[in-house]
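Given the structure is predicted, the values throughout are model-derived calculations rather than measurements. Counting starts at 1 for both ligands and their atoms, following the listed order.
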Amino acid sequence: MTRIKLVIVPPEEFGRMASDYIANRIIDFHDRRPMNIGTATGGTMEGIYGSLIERARRDDALANALQTVNYFAMDEYVGLDGDHPQSYAYFMRSRLLEPAAVSTSRLQLPNKENVEPAPGAGGCISMYDQMMTDCGGIDLQLAGIGTNGHVAFNEPGTSRDSWTRRVLLSESTISANSRYFSDPSEVPREAYSIGIATIMRAERVVLFASGKNKASALERMIRGRPGDDCPASVLTLHPNCTVFMDWEAASKLRPY
Ligand code: GLP
């Protein structure tokens, strides 16, 4: 029996309500210690971060709290440096940190130095995972979902014992993400990605999905049995996981 919470909102309200969900968690946490947030990228998160920035412009409590958060990116392409416009380092700086006037020193990403010397394969924790632990662990893990059910860059077939490591991207991910590159041949074939075990260790997980093209992946994630063929489905076993979606993404979910 799954314990996940489902929040389904009108498409036109999705960005505002999703960003309010994040903002309220950050404000509630603010007095405890610097909060650690695992951050996701992609078109869905771009809209949500945009709404979060809008709210921070008129909400001092949020603006101040955002400055004290430690941000741990879920993933990064191999071979793109941080100034490449399609790198996730650039994405996080330009879509969230700089508009919110947050120091870029608060952002960590998985990379050659913190992953390759101790890759999180075969059940071994990586240096990047250890960095999160040393900060007190991830309090809120944000996630998106790929049309093939991937989460971060954990492609179908990923073991739930995986930690942060270097991964090969699937053909469907390369083709889905080629829309961001001028030529499909420029899309990196490899990435550094946190693992499923990394995500399962977070205190709270929220996965965001909008649009009809995510409906089948969400149907598989939520209605199917948790399995490695759909890495996102394993998140339904997390004790505090919310799936936040719009009606279109939820269009293939039926009541039991
Ligand atoms: C990339 C990211 C994922 C993200 C996915 C969906 O593949 N690595 O973390 O969930 O894109 O992105 P979009 O919101 O653009 O559909």
Problem - Gap separating the CZ atom of Phe29 from the CG atom of Asp139, nearest 0.5 angstrom - result: 3.5 Å
Handout entry: Nearest-0.5 Å distance, CD of residue Gln141 to CZ of residue Arg204
Key =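 Answer rounded to 0.5 Å: 13.0 Å.
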Handout entry: Check: Ile53 and Arg95 side chains under 4.5 Å, non-hydrogen atoms
Key =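 Counting from C-beta outward, Arg95 and Ile53 never come under 4.5 Å.
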Problem - Test item: Asn154 side-chain N/O and Val151 main-chain N/O as donor-acceptor pair under 3.5 Å - result: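 Checked: pair present.
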Handout entry: Pairs flagged by ring pair (Phe, Tyr, Trp, His ring centres under 6.0 Å) wherever residues 167-198 is involved - sequence neighbours left out
Key =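 Those involving residues 167-198 are Tyr77-Phe181.
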Exercise for the section: Write out the protein residues near ligand 1, meaning a non-hydrogen atom under 4.0 Å from one of its atoms, in order of chain and number. Expected result: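 Within 4.0 Å of ligand 1, protein side: Thr41, Gly42, Gly43, Thr44, Asp75, Tyr88, Gly144, Ile145, His150, Ala152, Phe153, Asn177, Arg179, Tyr180, Lys214.
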Problem - Hydrophobic cluster membership, Val205 vs Ile48, 4.5 Å side-chain cutoff - result: no
